[in-house]
Number of protein chains: 2
Amino acid sequence: MTSIKDIALKANVSIATVSRALNGSANVTPHTRARILQLAKELDYHPNAMARSLVQKSSRIFGYIVSGIKKGAKHTIVQDSLMGVYDYARSIGYEILMFVVDSDKQNKKSYLDFAREHSLAGVIMQGLRTDDAYYKDIIDSQIPCVLIDLPADCERVGSVSIDNYAAARTVMRHLVEKGHRHIAYLSGMDEAAVSTTRFQGYLSILKEKSIEQRADYILHGNFSEEDAYAALRGFLPGHPELSALFCASDLMALGAIKAARELGVRIPEQLAIVGFDDILLASFADPPLTTVRQDFSRMGYEAAKMLYKIIKGQATPHSKNIPYEFVVRQSG
Amino acid sequence: MTSIKDIALKANVSIATVSRALNGSANVTPHTRARILQLAKELDYHPNAMARSLVQKSSRIFGYIVSGIKKGAKHTIVQDSLMGVYDYARSIGYEILMFVVDSDKQNKKSYLDFAREHSLAGVIMQGLRTDDAYYKDIIDSQIPCVLIDLPADCERVGSVSIDNYAAARTVMRHLVEKGHRHIAYLSGMDEAAVSTTRFQGYLSILKEKSIEQRADYILHGNFSEEDAYAALRGFLPGHPELSALFCASDLMALGAIKAARELGVRIPEQLAIVGFDDILLASFADPPLTTVRQDFSRMGYEAAKMLYKIIKGQATPHSKNIPYEFVVRQSG
DNA sequence: TACTGCAATGTAAACGTTTTCATATCCGAT
DNA sequence: ATCGGATATGAAAACGTTTACATTGCAGTA
């Protein structure tokens, strides 16, 4: 492992000069710089990230913190957003350190400790909920951070998502235009900002179109296929008038479809179902799912980009909406 | 950020003693240790990973290197294996640093440079191919490494996968027992060990059952849905006698199904198709895919476990097969 | 008592950088 | 010829640990 010292020795200069030459500092003769760069290449020099981070008190590493990912996940959301983050990070010479918030809380180590121990330059959070202990920590912390799918207000904290309100309104307008008047909302969880925001969009269209808002039309699926299935199994038999269901996620829509099928409710003839996310399975569902496509990779990319600007103190809006797409298939 | 120095000051001991107390060294009075531990908690002390790594010349970080992952991946393989690796890593207090080998080779930085710059304790590689430049690097490198789905021979290099040979034989026995005599193999790529090993399994059963091995029955799908589709579009019309197809991956099987459907070939009546991997889409395919289930999460977990043993110099076999499961559905 | 040896602690070097401050060199202007 | 002021370089501190080696103190033994 050749170090800056070895180069300095061979080049007959001080380590300070080598450091300056390598880092592109202005005050070094073109001739000296060339010699040092040449030597660095010859000796296969690579800077020691630890040493640099130690003195600079900050590494060139982003933390990628993901919450609520279980073993056999039925979507590639995490993978996609991670790749997006990675793409941008690498373009600026940064690396990604993983941190998974276990659901079973065995992982007591807080995100802050994690970030501090590794002198992370900043952190990107995916899948966090408002009731997560980590969410509070952010407020107090000094660590730059960008949240995906969660609103932010603080100085060093940014936020990236699609315009969930508008997207939900698009879905609802579509359903109303198709003639539906009895539309239920299958909520994810109240602690997830995306779920409540989509719900607001749902409500706003009901109001605009003067459709009665019924409290019993708010179902809860906990963002889970099984819970959605159970909810619909319980709800559908008593509500033959229901003609459309707007689900806060595709996974829940799949559970709903399963329940409907078992109860002999035909989709979309008797019940139109719309999902959200456009996960891979959406187009393979039977019938293929009408849904809102989110580009998670793009989200990750934009999140990393924003994080970098925050770190560098560059001016940037702390909240960004990226484009989405309403995909009409056969389910509703 | 409180450091070891702050604790030493408050406790009226030297930083060496604090370090020893914190690291559980034997030579420190229980009383002193208790006082220091207490102080550490009070001052919310967290060790600086950079400083430690710098002096120890090795961090407590595993590199997770993944190759050939593209944007809209249609499976959760990477996500799953990554989570497996993560699970074990965290259980021993290690973190995971990502490294993606871009297909477009813009990412010139080698895995070795990556590992050295961050003083990685070791590296786990997923999805590498034998012709990958990185594969060669491993031989020369001194960095402990475990490969997933790629054979290894070197001292500090281990390998984890399922028994692809046996699995392929299971598939083939199944097909032969169903009466098939004209069975083609849809290969991934020759540079992928899993593909060639499965091919060996395919051949071995043909030989055992005295079935003629035909060179034109070896198709190439490049592990891609599109290429598989194209291959079958070209092959099927000229080979009405073909009654079964063994695909080296589910994704290729999906492409094959698509081709068959467009050509009016009914599955499984006219053509039995078997895949490999049991990705999420396999059970959603039409017809649902008969395939070999691989537990990628488990693979990742075992890979991390093996890596740790290699690092610690503990005795361990450098090659491990984990269980697989043959899943019979409707496609073949 | 004086010595041996071990247990507990301290001292200081080392890890590989960046960076502040000081120094030396050179060029042009007076 | 002298000075001013860049410009290029060097010396050394600092980052927060671990650890080899030195020191101290104390119990046990001769």
Side-chain angles (χ1 to χ4, degrees), chain A residues 1-37 39-40 43-61 93-95 113-121 142, chain B residues 1-37 39-40 43-61 93 95 113-121:
Chain A
M1 288 271 42
T2 105
S3 80
I4 218 180
K5 211 169 174 178
D6 304 320
I7 299 182
L9 221 60
K10 288 234 180 195
N12 254 325
V13 294
S14 73
I15 58 167
T17 304
V18 176
S19 175
R20 277 187 282 254
L22 258 27
N23 290 314
S25 159
N27 287 344
V28 49
T29 313
H31 172 250
T32 318
R33 157 166 295 127
R35 200 160 42 109
I36 290 177
L37 256 43
L39 232 34
L43 300 177
D44 191 30
Y45 168 78
H46 290 278
N48 181 317
M50 306 291 151
R52 172 190 290 150
S53 305
L54 184 58
V55 58
Q56 294 192 148
K57 289 167 176 297
S58 170
S59 66
R60 295 189 189 171
I61 298 180
Y94 276 57
E95 316 280 355
D113 300 341
F114 168 70
R116 282 207 274 247
E117 284 182 19
H118 292 91
S119 308
L120 298 184
Q142 290 304 317
Chain B
M1 289 271 39
T2 104
S3 80
I4 218 180
K5 210 169 173 178
D6 303 321
I7 299 182
L9 221 62
K10 288 232 180 195
N12 253 325
V13 294
S14 72
I15 57 167
T17 305
V18 176
S19 175
R20 278 187 282 254
L22 258 27
N23 290 314
S25 159
N27 287 342
V28 49
T29 313
H31 173 250
T32 318
R33 157 166 295 127
R35 200 159 43 108
I36 290 176
L37 256 41
L39 231 34
L43 300 177
D44 192 31
Y45 168 79
H46 290 277
N48 182 317
M50 306 290 151
R52 171 191 291 151
S53 306
L54 183 59
V55 59
Q56 294 193 146
K57 290 168 175 295
S58 170
S59 67
R60 297 189 187 170
I61 299 180
E95 315 281 355
D113 299 341
F114 168 70
R116 282 207 275 249
E117 284 181 20
H118 293 91
S119 309
L120 297 185

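Chain identifiers are assigned alphabetically (A, B, ...) following the order of the sequence lines, protein sequences preceding nucleic acid strands; residue numbering begins at 1 within each chain. Here the structure is a predicted model, which is why all the values come from computation and not from measurement.
Distances shorter than 4.0 Å separate none of the side-chain N or O atoms of A/Thr17 from OP1 or OP2 on D/dT9.
By the side-chain contact (heavy atoms from CB on, under 4.5 Å) test, A/Arg35 is found to be paired with A/Ala11, A/Val13, A/His31, A/Thr32, residues two or more places apart in sequence or in another chain being considered. Contacts of B/Leu37 classified as side-chain contact (heavy atoms from CB on, under 4.5 Å), with partners at least two apart in sequence or in another chain: B/Leu22, B/Arg33. Applying the side-chain hydrogen bond (donor to acceptor under 3.5 Å, both in side chains) rule to B/Ser19 yields the partners B/Asn23; only residues at least two apart in sequence or on another chain are considered.
Rounded to an integer number of Å, the gap from CG of B/Asn12 to P of C/dT11 is 11 Å.
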Considering only distance and modelled atom types, tabulate donor-acceptor pairs under 3.5 Å from the side chains of residues 50-57 of chain A, sequence neighbours left out.
from	atom 1	to	atom 2	distance (Å)
A/Ser53	OG	A/Ala49	O	2.7

Show me the protein contacts with nucleotides 4-8 of chain C, counting only N or O atoms at under 3.5 Å.
from	atom 1	to	atom 2	distance (Å)
C/dA8	O3'	B/Thr29	OG1	3.0

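In this structure, A/Tyr45 and A/Asp6 have side chains that are not in contact, with every pair of non-hydrogen atoms separated by 4.5 Å or more. In this structure the side chain of B/His118 reaches within 4.5 angstrom of the side chain of A/Ile61, judged on heavy atoms.
With values rounded to the nearest 0.5 angstrom, A/Asn27 atom CG is found 10.5 Å from A/Thr17 atom OG1. Here the CZ-CG distance, from B/Arg60 to B/Leu120, works out to 14.5 Å after rounding to the nearest 0.5 Å.
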Nucleotide by nucleotide, 5' to 3', does protein get under 4.0 Å of the base (B), only the sugar-phosphate (S), or neither (-) in nucleotides 13-18 of chain C, counting heavy atoms?
--BBBB

